[in-house]
Amino acid sequence: EFAITTYCIQGFAGYPITAVCLQKDGRRLLKNYREGNVKMTAADKAAVAKATAATSTGSGKTLIPPLPQKFDSPVMTLGKVGLIAWFATQLGALTGVSGAIWALVLGVLFTTLGFLDRNSLHKANSYGIVMFALMMYVFDGLKDCTPAMLVTIIVPMIVLIIVGVFGMAVASFVISKILKMSFPLAFANGLTALYGFPCDAIITESTCDALAQSPEEKDYLMSQLFPSMIVGGFTTVTITSVFIAGWFASFL
């Protein structure tokens, strides 16, 4: 229960710091964009389209042909997503590898094959409600936390969060120099380890909405920030944290 509670509460430290980092980097990007120093490239537009647009299939042929239009309903779209999600949970139970990792692998695989639609949730007009449900799932870990329990764990929990954030800042600074990327974005990527998906997507999109003064500016910000944050969230939490936690659990 300590681990679950800490995971839920540490997000409250990560959310505002991530927002500040993204706003700082977003203002830098917008300054260059407004001064005409950068332009939206074809690759930038493609990144935004793949990440956020409510398209169904994307470009290029797939092994599995798309459904006929009369059968391609929101219910069918969500049904396919649910089927793959169920398959991922079964593989997780059979293999011992987290179902979340299997969901990521199978999602990429079946989207590439053409079974799943690109941006299925946007297509089925369910993105908002699913993000809300996922956020409720994250905070579900707090339901068993009593005031007495919180008092006993508050000090070690705060120490862990402070040490962890400081370590992320140092590692992000070093990595930003090696990869020649901005420190605020590198730090925001590192902070996703505190909360993961879907919070990283929600914070990034909200920040772009707040900073941009036109659809073009939002598209540019999303192309620069959204892909990096999404990959960061899946890498730090869905993959890395699950493997490390599983390794430590084997010693218990």
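What you see below is based on every heavy atom in this structure, not just the backbone, and it leaves out hydrogens, waters and symmetry mates.
Val20 and Leu225 fall into different hydrophobic clusters, where Ile, Leu, Val, Met, Phe, Trp and Tyr side chains are chained together by heavy-atom contacts under 4.5 Å. Cluster annotation: Ile64 and Leu109 are assigned to the same hydrophobic cluster (Ile/Leu/Val/Met/Phe/Trp/Tyr, side-chain heavy-atom contacts under 4.5 Å, transitive). The hydrophobic cluster containing Leu94 does not contain Ile84, counting ILVMFWY residues as joined when their side-chain heavy atoms lie under 4.5 angstrom apart, directly or transitively. Under a hydrophobic clustering in which Ile, Leu, Val, Met, Phe, Trp and Tyr are joined whenever their side-chain heavy atoms come within less than 4.5 Å, directly or via other members, Met76 and Phe110 fall into different clusters. Using a 4.5 Å cut-off between side-chain heavy atoms of Ile, Leu, Val, Met, Phe, Trp and Tyr, with links allowed through other members, Phe226 and Leu104 fall into the same hydrophobic cluster.
Residue pairs meeting the ring pair (Phe, Tyr, Trp, His ring centres under 6.0 Å) criterion with at least one partner in residues 72-104, sequence neighbours excluded, do not occur; the list is empty.
Taking the six-membered ring where tryptophan is involved, the planes of Tyr127 and His122 are essentially parallel, since the angle between them stays under 30° and well short of 60°.
Pairing each heavy atom of Ala188 with each of Thr18, the nearest pair is CB-CG2, 4.2 Å. Leu221 approaches Cys208 most closely through the heavy-atom pair CB-SG, 3.6 Å. Contact between Ile203 and Leu22 at its shortest, heavy atoms only, is CG2-CD1, 4.0 Å. Scanning both residues, Leu91 and Thr95, for their nearest heavy atoms gives O-OG1, 2.7 Å.
Distance CG/Leu106 to CG/Leu113: 10.5 Å, rounded to 0.5 Å. The distance from atom CZ of Arg28 to atom CD of Gln224, rounded to the nearest 0.5 Å, is 8.5 Å. Within the model, atoms CD of Glu205 and CD1 of Ile230 stand 9.0 Å from one another, a figure rounded to the nearest 0.5 Å. Lys218 contributes atom NZ, which lies 11.0 Å from atom OG1 of Thr207 (distance to the nearest 0.5 angstrom). Separating the OH atom in Tyr33 from the OH atom in Tyr220 is a distance of 8.5 Å, to the nearest 0.5 Å. With values rounded to the nearest 0.5 angstrom, Leu179 atom CG is found 12.0 Å from Lys177 atom NZ.
Between the Thr111 side chain and the Val108 main chain, no donor and acceptor come within less than 3.5 Å of each other. In this structure, the side chain of Ser126 engages the main chain of Ala124 through a donor-acceptor pair within 3.5 Å. Between the side chain of Asn189 and the backbone N or O of Leu185, at least one donor-acceptor pair lies under 3.5 Å. Between the side chain of Ser120 and the backbone N or O of Asp117, at least one donor-acceptor pair lies under 3.5 Å. With hydrogens and angles ignored, the 3.5 Å screen pairs a side-chain donor or acceptor of Lys80 with a backbone N or O of Phe115. Thr204 places no side-chain N or O within donor-acceptor distance of the main-chain N or O of Ala201, the cut-off being under 3.5 Å.
Scanning for salt bridge (Lys or Arg N to Asp or Glu O under 4.0 Å) contacts around Lys31 gives Glu35, with sequence neighbours left out.
In this structure, a donor-acceptor pair under 3.5 Å is present between the side chains of Thr236 and Thr192. Under the 3.5 Å distance criterion, with hydrogens and angles disregarded, a donor-acceptor pair is assigned to the side chains of Ser182 and Asp25.
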Could you pull out every donor-acceptor pair under 3.5 Å between side chains of residues 160-172 and any protein atom, sequence neighbours left out?
unit_1 : atom_1 : unit_2 : atom_2 : d
Ser172 : OG     : Met168 : O      : 2.6
Ser172 : OG     : Ala186 : O      : 3.4

_Verdict with reasoning, Ser73 to Thr77, per side chain to side chain contact (heavy atoms under 4.5 Å, CB included)_ = CA-CA 6 Å; Ser73 65; Thr77 300; over 6 Å; no
*For Phe187 and Ile17, run side chain to side chain contact (heavy atoms under 4.5 Å, CB included): C-alpha distance rounded to whole Å, both residues' side-chain angles, the deciding distance at 0.1 Å, then the answer.*
CA-CA 9 Å; Phe187 192 22; Ile17 302 175; 3.9 Å; yes
*asked:* Pair Arg34, Glu217 - check side chain to side chain contact (heavy atoms under 4.5 Å, CB included), show working.
replied: CA-CA 9 Å; Arg34 289 166 181 169; Glu217 288 186 354; 2.9 Å; yes
